[in-house]
Structures are given as C-alpha cells and as structure tokens.
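Source: prediction; values computed, not measured. Numbering of residues begins at 1 and proceeds along the displayed sequence.
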Amino acid sequence: DAELLADQAQLAVVLRWLYEPGAARELAQHVHTTAQRTLGTGHLTTLIAPETLAGCLRDEQDLAAAETAYRDVVAACRA
C-alpha cells in the first residue's frame, strides 16, 4: 500500500532525527525495496525512498555507499 510505505519512509526520517541510524536504515531499506517491487520506479515514494536510505548510510558513516545512493537518486530524478 502506497500510503503505508510513505508513512514508513517518514518514520525512517524520524528515527534518524532520534539518532537511531541502524533502525532508520533498516526501515528505509525495506521501504525502498518494497516500493520498487510494488509501486514501480516512477512512483513518488519509490523516488524519495533512496534519498532517505542515503541519509541513513551517511549517518552511519558509510560514506561510499551513501555517495552511491545519492548518485542513484540524482539519476532517477533525471530519468
């Protein structure tokens, strides 16, 4: 359900604000994977989810993975 995934994406952001990067990353990864599979690549939630995931990766200091994720976001926005 698109609304549930959007809510979960927002919860991942809140978890980042609460300095819970592991929980935020796990939820953001779930949203990203599920949105791609169920909503398709052009849905707004699918486009937003990787940015949240990239932020989680940055918070965990996985800078190489975060950079890759941010580049994927830019590429998706240009498509």
Side-chain angles (χ1 to χ4, degrees):
D1 170 65
E3 191 172 319
L4 175 61
L5 287 171
D7 289 345
Q8 289 175 331
Q10 288 301 314
L11 178 57
V13 172
V14 170
L15 288 169
R16 287 183 64 206
W17 292 340
L18 294 173
Y19 303 104
E20 297 289 340
R25 180 192 36 77
E26 186 176 308
L27 185 55
Q29 182 65 57
H30 164 76
V31 170
H32 178 58
T33 303
T34 305
Q36 283 181 319
R37 187 180 70 248
T38 62
L39 303 177
T41 57
H43 193 277
L44 182 60
T45 300
T46 307
L47 294 171
I48 292 171
E51 192 280 328
T52 303
L53 178 58
C56 294
L57 293 166
R58 187 188 68 223
D59 292 346
E60 292 185 312
Q61 299 300 308
D62 189 348
L63 302 181
E67 180 180 3
T68 299
Y70 279 125
R71 290 182 185 279
D72 291 345
V73 170
V74 171
C77 290
R78 289 183 177 162

Salt bridge (charged side-chain N to carboxylate O under 4.0 Å, His left out) assessment of Glu20 paired with Arg16: CA-CA 5 Å; Glu20 297 289 340; Arg16 287 183 64 206; over 6 Å; no

Please tabulate, for side-chain N and O atoms in residues 44-51, each donor-acceptor pair with protein atoms closer than 3.5 Å (sequence neighbours left out).
from	atom 1	to	atom 2	distance (Å)
Thr46	OG1	Ala35	O	3.2
Thr46	OG1	Gly40	O	2.8

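In this structure, Ala12 and Leu27 approach most closely via the heavy-atom pair N-CD2, 3.7 Å. Considering all non-hydrogen atoms of both residues, Thr52 and Ala28 come closest at CG2-CB, 4.0 Å. Summarising the geometry of Leu57 relative to Ala69, their closest heavy-atom pair is CD1-CB, 4.3 Å, with the distance given to 0.1 Å. Across all non-hydrogen atoms, the minimal contact from Val31 to Ala9 is CG2-N, 3.8 Å.
Here the side chains of Thr68 and Asp72 are in contact, with some heavy-atom distance below 4.5 Å. Looking at heavy atoms from C-beta onward, His30 lies out of side-chain contact with Glu26 at the 4.5 angstrom threshold.
Between the CG atom of Leu11 and the CG atom of Leu5 there is a distance of 12.0 Å, given to the nearest 0.5 Å. The structure places CZ of Arg25 at 9.0 Å from CG of Asp62, a figure rounded to the nearest 0.5 Å.
Remark: of the listed residues Gln29, Gln36, Arg37, Gln29 is the sole one forming a side chain to side chain donor-acceptor pair (under 3.5 Å) with Thr33.
Linking Ile, Leu, Val, Met, Phe, Trp and Tyr residues whenever their side-chain heavy atoms come within less than 4.5 Å leaves Tyr70 and Leu63 in two separate clusters.
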